[in-house]
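In what follows, a single structure is set out as structure tokens and then discussed.
Start at 1 with the first residue, then count along the sequence.
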Amino acid sequence: MFDLGILNGTVYANGVWLHTNVCAAGGKIISLSGEKADCRRIVDAGGKLVLPGFIDPHVHFHLTVGSNTSSDDFHSGSIAGALGGVTTYIDFLDVIKKASDIGTEFKKRKALADTGITDYSFHTTIANPSDSAEDVIESGLEYGINSVKLFTTYSDTDRRTYERYIYELLKCSRKYNTRIVCHSENDDLLLKDKKIRLADHEYSRPSVSERVEVMTLAELARDADGLLYIVHVSAGRTIDRLKEVFSEELASKQIILESCPHYFLFSSSVYSQSDGWKYTMTPPLRPEIDRERLNANIDFVTTIGTDHCPFKPELKKHEYTSDIPMGIGGITYSFLNMYGLFGRDITAKFTSGPAKAYGLWPRKGNLLPGADADIVVFNEKEQTVAEDPQGVYEEKQFTGKIQSVFLRGRCLVQNGKLTEEAETSRGSYISRS
């Protein structure tokens, strides 16, 4: 007798599509089989896709920037994610300068994250640290964190980490199987004027700043044989240049690229609209040529993260970008957006891609026996209308619907709505190494 049987669906398992049944017990996948089995709970997935629970490798819940705090805390953010099929997310510790501070920041963020309804992990985040690269990596691993996030900009707030230190991190990364995760903008190419108008947001942080910095980081990674991960790649021409020079590193996943749905959907022309403030994030949206080239280069993107970080409209509706907290929401509609553009082929970028990049595989991101019973039932034929009154997707119509979502065999979403089980669900911290 199994706890759960998802029957008659088209199952995405280890990169292939199978017409089979998925059975789970004790929170784990037990079998994939065409044979019917006795199950306490049965879900008929006939005509639907059965997918591994999605992994969002890049969210910012309860993020405070200056005097502003993002509008989703870990509880509401994880609910928004669950409604979009996200059963595991990776958030960020607050920035540290000393390795010894990682434990303190871990405990603070974990106490907040324990209010969420889905599973989670963290990235260490550094800001021009004073301790050695090896000490920082080792301290993170003590808490099950095998990724170090850094910024190549924000020198004006002392958050920038400089190339020599990045080089040292990359030299250690292979030894410790730790990803060096980079927000990549060339600091010297950015305008730091405090009176930059909204329409000039992209001009002040031009796409060339990303391209130049990413190429530098890739050269460092090649020389150091390091494990590099570029977050929120915003410009398709960045990937064009990488393909020309670093095709082997991209193919081997030594260099991993992440992007976000909004960069595939919108161009910087929206900043001239009356509601352009809704679309402000860093890096900014790019010119149409970069949006088109990004879509053309989807095969070179390994993971889709949302960079989910919404703020209330009254905090964002300003004339100058220096007065606007940067970030938008979208975790509920991430898969729907990308499925609308690329169809079933996008699935790996939400499942096995992030799982393998960050040491969650094979527990997460797949439906093979032994994996957590994190499952999304997706109806390709139904329509979804977005409910996003404070965001950029309000009333957008999607092809497809997140029908049901299970976390370790527990049903969090049914018929697109949160269940009573979800109200008592609490996620678990997932240690990575």
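Two rings, from Tyr165 and Tyr162, have their centers 6.0 Å or more apart. A ring-centre distance under 6.0 Å is not found for Phe92 and Phe122. Aromatic pair His60/His62: ring centres not closer than 6.0 Å. Aromatic ring centroids of Tyr279 and His201 lie 6.0 Å or more apart. Checked against the 6.0 Å centroid threshold, His75 and Phe61 do not count as a close aromatic pair. Ring centroid separation for the pair Tyr339 and Phe378 comes in under the 6.0 Å cut-off.
In this structure, Asp131 contributes its side chain and Asp135 its backbone to no donor-acceptor pair below 3.5 Å.
Defined by atom type and a distance below 3.5 Å, a donor-acceptor pair is present between the side-chain atoms of His308 and Asp72. A side-chain donor from one of Glu258 and His58 sits under 3.5 Å from a side-chain acceptor of the other. Looking only at atom types and distance, the side chain of Thr302 has a donor-acceptor partner in the side chain of Lys253 under 3.5 Å away. Using modelled atom types, one finds no donor on one side chain facing an acceptor on the other under 3.5 Å when comparing Asp101 with Thr104. Side chains of Tyr393 and Glu387: no donor on one and acceptor on the other come within 3.5 Å. In this model, no donor atom of one side chain and acceptor atom of the other lie less than 3.5 Å apart for Asn146 and Asn177.
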List the steps, then state whether salt bridge (charged side-chain N to carboxylate O under 4.0 Å, His left out) holds for Asp114 with Arg426.
CA-CA 7 Å; Asp114 282 341; Arg426 287 296 176 266; over 6 Å; no
Walk me through it: do Glu210 and Arg205 pass the test salt bridge (charged side-chain N to carboxylate O under 4.0 Å, His left out)?
CA-CA 8 Å; Glu210 176 182 270; Arg205 313 182 79 95; over 6 Å; no
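Checking each of Tyr89, Phe350, Tyr12 against Phe54 for a ring-ring contact (aromatic ring centres under 6.0 Å, His included) leaves exactly one that passes, namely Phe350.
A cation-pi arrangement, defined by a distance under 6.0 Å to the six-membered ring centre and an angle within 45 degrees of its axis, is absent between Arg160 and Phe151. For the pair Lys356 and Tyr358, the NZ or CZ position fails the cation-pi test of under 6.0 Å to the six-membered ring centre and within 45 degrees of the ring normal. A cation-pi arrangement is absent between Lys316 and Phe311, since the terminal nitrogen or guanidinium carbon is not both under 6.0 Å from the aromatic centre and inside a 45° cone about the axis.
Interatomic distance, His183 NE2 to Asp307 CG, rounded to the nearest 0.5 Å: 9.0 Å. Atom CG of residue Leu242 and atom CG of residue Leu217 lie 9.5 Å apart, to the nearest 0.5 angstrom. Taking CE of Met281 as the start and CZ of Phe266 as the end, the distance is 8.0 Å to the nearest 0.5 Å. We find the CG-CD1 distance between Leu360 and Ile430 to be 7.5 Å, quoted to the nearest 0.5 Å. Taking CD1 from Ile117 and OG1 from Thr87, the interatomic distance works out to 10.5 Å, rounded to the nearest 0.5 Å. Atom NZ of Lys364 and atom OG1 of Thr88 lie 3.5 Å apart (nearest 0.5 Å).
Taking 4.0 Å as the cut-off between side-chain N and carboxylate O, Arg164 and Glu168 count as a salt-bridged pair. Taking a cutoff of 4.0 Å between a charged side-chain nitrogen and a carboxylate oxygen, Lys192 and Asp187 qualify as a salt bridge. The pair Asp223-Lys171 does not meet the salt-bridge criterion, since no charged nitrogen lies less than 4.0 angstrom from a carboxylate oxygen. A salt bridge links Glu202 with Arg286: the distance from a Lys NZ or Arg NE/NH1/NH2 to an Asp or Glu carboxylate oxygen falls below 4.0 Å. Looking at Arg222 and Glu248, no side-chain N of the basic residue comes within less than 4.0 Å of a carboxylate O on the acidic one, giving no salt bridge. Salt bridge absent: Asp374 and Arg408 never bring a charged side-chain N and a carboxylate O closer than 4.0 Å.
In this structure, Tyr143 and Phe106 have tilted ring planes: the angle between them lies in the 30° to 60° band. Relative orientation of the Phe398 and Tyr333 rings is parallel, given thresholds of 30° and 60° on the angle between their planes.
In this structure, Ala82 and Leu412 approach most closely via the heavy-atom pair CB-CD1, 4.3 Å. Lys97 and Asn128 make their closest contact through NZ-O, 3.5 Å (heavy atoms, listed as atom of the first residue, atom of the second, distance).
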